[in-house]
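Single-structure report; data block below.
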Amino acid sequence: MNLEEIKSQIEANVPGCSLEILPNGSPSGQHSLLVDKEHALTVASFLRDGASPRFDYCSNVTGVDWPLKEISTKQKTKKLVDGVEKDVEEVIKTTTGNYLEVVYHLFSLEDRQGPLVLRMRTEDRAERVHLPSLTPVWRSADFQEREVYDLFGVLFDGHPDLRRLLMWDSFTDFPMRKDYVDPDDYEYEPTAHDEVLKRTQAHYAAQGEPSEAEGAR
Amino acid sequence: MDEQLKNELRRQGVVATTLQELYNWGRKSSIWPLNFGLACCAIEMIATTMARYDLARFGAEVFRPSPRQADLMIVAGTVTKKMAPQVVRLYNQMAEPKYVISMGACAISGGPFKQGYNVLKGIDRYIPVDVYIPGCPPRPEALLDAFLMLQRKIDEQQLTGPDRPRHLQAELPSEFTVPECSEHDLTPTRNDAIWQVPLVNISNAGKNESGRD
Amino acid sequence: MSVLTEASIDTISKPANDHLHGDLLEISMGPHHPSTHGVFRMNIVLDGERVVKLKPVFGYLHRNHEKIAENETYLGSMPYTDRLDYICSITNNWAYALAVEQLAGISVPERAEYLRVITGELTRLQNHAGLIGFLLQDMGASGTPLMYAFREREKVLDLFEALTGARMMCNYMRFGGCRCDLPDGWMEQARKVVDGFPRFLDEFERLLRTNEILMARTQGVGIVTRQQAIAAGISGPMARASGVNYDLRKVDKYSIYDRFSFRVPLGEHGDVYDRYMMRLLEMRESIEILKQAMRDLPAGPIVDPNTKLRNFRPKAGEAYGRIEAPKGELGFYLISEGGPNPYRYRVRPPSLINLTLLEEMCLGQNVSDIVIILGSVDIVLGEVDR
Ligand code: SF4
């Protein structure tokens, strides 16, 4: 299975869609295909019915949260300093992320090929972000898209029954987002460290009992 | 009647007993647990009732699906926040006298999943627990041990006097507040009447010990 | 954000002007119900005895496995995987180890692969044995079949305990191998268990295969067609009962499954009976695999010496690894950012996805059939809700 080939197949059959191959740095070599959300549904039905091999089995659907992240890379440049040429390190700041991603793992039952990793991205990480639902194409995405809605807060347009899957209905947060804050129900821990220690200190700071935070160190 | 005389009589074929002993003996020998499992620990609970460990030897093999017919609730597994109201409600529906065994690390404190956003950090925040069994999961032998412990506890109960158990004191509550799932968490997050934060302050605890002199 | 909730009973249209029909009855089955195998809940609307609507409600055992794993080191999540599908801890370990091995490019020595196959197939045996016990219990054969099944299961658990120190939560795999080698005498014991297993299966079949009540209750009930199964992503024995020839041990040939000769049983009707038989037949094939693996087990190291246990940081990238777990395709999707813990950790739960068709299977059936349809799917709530 060649990702380039599938990409050109889709491009030939779904006019106007923009696709991008995202390389994967790990030895697994599972590169993925980024689809724009306007054409995602057509691309999906083409992959199921028209492509060769036909991807009739959608195994896994999940969300990934990419908050805004600043990456600073150091670059060495030569500059004239006081008339002498010197190596100067310059820090270049770029930002990535600030979107939610939904990932589909597709397989072909007939040709026993896969996985084809399909991705969609939202514009930003607002509370209401919309993506098209692929449940009309692959029924197996039904519960899994509900789960992504529940835990990440992506609203899938066209989903037949979009409700929270795991948390209760009146719950308002999206706990799998990276910036989710647990309710402060800290309880004494004898060996608090790392994350837990931070929560300990935050808890006692909120309660105004600084001495106990020290006690629990 | 003193023990010696009783034993003497028993040797002669005369059984002398008190109403309290008889009553406790009857109750402890037929504890009917609620057929109620939550997670992994429930599988060990089932294994305990099966042929090898045979819970029936202790008169407790009759697992009742209805809380109205059960005496004992074995909280076997992780109690999530979504499940906690139901657990408390089931407990409230049981008839007195009723007992609770908290089986496994999860039911005691949240166990390995303690840091989870949907995990209750111990069922004793909402209902009183009689026996705790640590383990993840506790072995069937541990559950059997908990049964024996509960039987001993029942055996020692006094029918009269100030120490009599809850079900004989009309003014004590037998139902507890059912928490509600709200926007971020359960409300209330615990029942303060039956649960206090365990020993919190290490620094103070240390001081107390050294300050004994 | 507005709350999206389930459509209420009023939206279901009743048969018009039919005074023979009474009111529809809405019942909530679970989360405390003895036949839901845990804390599963279904909102059911009944017309008399007939199911007209069924909505599963999940999440009563949502233990935040994924969130916890994202704050945990790679190895630190291994014991948590035990508690996913808590009946088959070893295959969960295996799927996770496989995904990490793909992510970091780790190879597994020969002996470890054999040990994985042996323990994995033993896991399949005890899972399927337990499942048919529970299924028959749900069908009303109270006690006895479950007792028989658990008797066999205990024998397998004894093997696990001797090998890993725990009956249920084995925590046996490591990235690039297994945690410990076989203790003395384990192999003889295991041979005894495996050789004795067909007798148990024979006994079971003799008792129940042609039992009239069993046939009447299971045949033609809860049918899933091949097309439905593929569309809904059904996997494992449930898909094969509907005639989908897709067994990852044959398809992916992961580990060393290409070395063993075994057959993949396929069903025709996709009903509860086929699913029940599928488990019985698969156990026989597992026994074949076990015999071959035990015969060929080579000597050698059990873990890849180049794998780091401490400070394990795979380089940035992602991987989706999957195995044929007893319940179906169990997959792990991991994204690494180069740190000590996974950036994204996702479990593809076969139990959850196999429930996609629960409503379709139950519509039009009697309320008593819901129980056995659910039982035949083979779910474990730890995996459904994670
Ligand atoms: S204590 Fe361990 S075995 Fe028991 S429910 Fe919790 S995680 Fe599962």
Side-chain angles (χ1 to χ4, degrees), chain A residues 23-32 48 56-66 101 103 105 107 109 112-115 117 127-128 137-144 146-147 149-151 153 155 161-172 174-176 178 180 182 194-196, chain C residues 1 3-7 55-62 64 66-67 70-71 99 101-106 228 230-235 239 244-246 250-252 314-322 329 331 333-336 338 343-344 346-349 352-353 355-357 384-386:
Chain A
N24 174 2
S26 106
S28 73
Q30 295 166 352
H31 310 297
S32 48
R48 188 192 61 182
D56 46 3
Y57 174 50
C58 172
S59 165
N60 180 39
V61 181
T62 189
V64 189
D65 183 15
W66 299 97
E101 208 172 42
V103 188
H105 282 85
F107 290 87
L109 281 194
R112 307 200 158 185
Q113 290 196 21
V117 191
E127 217 176 72
R128 283 177 162 272
V137 181
W138 293 290
R139 179 74 206 281
S140 52
D142 187 349
F143 288 163
Q144 305 190 65
R146 273 177 68 186
E147 187 184 323
Y149 160 67
D150 185 358
L151 303 182
L155 285 160
D161 181 23
L162 193 66
R163 284 178 292 130
R164 282 191 180 266
L165 182 82
L166 299 173
M167 303 302 284
W168 52 90
D169 283 338
S170 51
F171 193 69
T172 51
F174 301 114
M176 281 301 282
K178 292 280 176 189
Y180 168 73
D182 289 28
D194 300 346
E195 279 297 305
V196 183
Chain C
M1 173 166 275
V3 181
L4 306 171
T5 47
E6 196 186 320
K55 291 285 172 211
V57 184
F58 304 95
Y60 290 99
L61 195 53
H62 178 44
N64 330 117
E66 293 180 5
K67 188 81 178 180
E70 282 170 18
N71 297 320
E101 280 152 16
Q102 286 187 3
L103 182 71
I106 301 169
Q228 274 180 323
I230 294 174
I234 309 287
S235 54
V244 183
N245 185 2
Y246 201 66
K250 292 277 189 196
V251 176
D252 284 4
K315 60 177 188 223
E318 61 173 57
Y320 177 71
R322 55 176 194 165
E329 175 188 331
Y333 175 56
L334 302 167
I335 300 182
S336 163
Y343 183 77
R344 178 79 180 97
R346 150 84 178 164
V347 187
R348 186 241 187 234
L352 173 69
I353 296 160
L355 282 175
T356 308
L357 289 177
V384 172
D385 293 341
R386 285 152 294 138

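Fair warning: this is a prediction, and the values are worked out from it, not measured in the lab. All chains are named by letter (A, B, ...) in the order of the sequence lines, taking the proteins before the strands, and each is independently numbered beginning at 1.
In summary, C/Arg344 and A/Glu101 do not engage in a salt bridge, as defined by a charged side-chain N under 4.0 Å from a carboxylate O.
Looking only at heavy-atom pairs under 4.5 Å with chain A, the residue among C/Lys67, C/Gln228, C/Arg386 that has the most is C/Lys67. Residue with the most contacts toward chain A among C/Ala99, C/Gly105, C/Ala232, C/Ser336: C/Ala232 (heavy-atom pairs, distance under 4.5 Å). The choice from A/Gly63, A/Ser28, A/Cys58, A/Ala141 that makes the most heavy-atom pairs within less than 4.5 Å of chain C is A/Ser28. Across C/Ile353, C/Asn71, C/Val244, the residue that shares the most heavy-atom pairs under 4.5 angstrom with chain A is C/Ile353. When C/Tyr60, C/Phe58, C/Tyr343, C/Tyr246 are compared by the number of non-hydrogen pairs under 4.5 Å with chain A, C/Tyr343 comes out ahead.
Only the side chain of A/Val103 comes within contact range of chain C, judged by heavy atoms closer than 4.5 Å. When heavy atoms are compared at a cutoff of 4.5 Å, C/Glu70 approaches chain A solely by way of its side chain, counted from C-beta outward. Contact annotation for A/Asp150: neither backbone nor side-chain heavy atoms come within less than 4.5 Å of a heavy atom of chain C. Only the backbone of C/Ala104 has a heavy atom closer than 4.5 Å to any heavy atom of chain A. For C/Leu103, the parts lying under 4.5 angstrom from a heavy atom of chain A are both the backbone and the side chain. Heavy atoms of A/Pro175 lying under 4.5 Å from chain C belong exclusively to its backbone. Using a 4.5 Å cut-off between heavy atoms, C/Ala319 contacts chain A through both its backbone and its side chain. Contacts between C/Leu357 and chain A at a heavy-atom distance below 4.5 Å involve the side chain alone, from C-beta outward.
What you find for C/Gly317 and A/Asn24 is that their closest heavy atoms are CA-OD1, 3.2 Å. The two residues A/Tyr57 and C/Gly233 have their closest heavy-atom pair at CE1-CA, 3.5 Å.
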Steps toward side-chain contact (heavy atoms from CB on, under 4.5 Å) verdict (C/Asn245, A/Arg112) | CA-CA 10 Å; C/Asn245 185 2; A/Arg112 307 200 158 185; 3.8 Å; yes
Would you please test C/Lys55 and A/Asp161 for side-chain contact (heavy atoms from CB on, under 4.5 Å) and show each step?
-> CA-CA 10 Å; C/Lys55 291 285 172 211; A/Asp161 181 23; 4.1 Å; yes
Start with the C-alpha distance between C/Ile335 and A/Trp66, add both sets of side-chain angles, then the distance that settles side-chain contact (heavy atoms from CB on, under 4.5 Å), and finish with yes or no.
-> CA-CA 12 Å; C/Ile335 300 182; A/Trp66 299 97; 4.1 Å; yes
Just do the side-chain contact (heavy atoms from CB on, under 4.5 Å) check on A/Val64 and C/Glu318 with the steps written out, would you?
-> CA-CA 12 Å; A/Val64 189; C/Glu318 61 173 57; over 6 Å; no
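Once rounded to the nearest 0.5 Å, the distance linking CD of C/Glu329 with CG of A/Asn60 reads 8.0 Å. Distance check: C/Tyr333 OH to A/His105 NE2 gives 5.0 Å after rounding to the nearest 0.5 Å. Separating the CD1 atom in C/Ile230 from the CZ atom in A/Arg48 is a distance of 11.5 Å, to the nearest 0.5 Å. The CG atom of C/Asn64 lies 9.0 Å from the CG atom of A/Leu151; values are rounded to the nearest 0.5 Å. In this structure, the separation between CD on A/Glu147 and CG on C/Asp385 is 9.5 Å, given to the nearest 0.5 Å. For the atom pair CZ of A/Arg139 and OG1 of C/Thr356, the computed distance is 6.5 Å after rounding to the nearest 0.5 Å.
Checking C/Arg322 against A/Ser59 by side-chain atom types alone, no donor-acceptor pair falls below 3.5 Å.
A/Leu165 has its side chain out of reach of C/His62: every pair of non-hydrogen atoms, C-beta onward, lies at least 4.5 Å apart.
Side-chain N or O atoms of C/Arg348 include none that pairs as donor or acceptor with a backbone N or O of A/Thr62 at under 3.5 Å.
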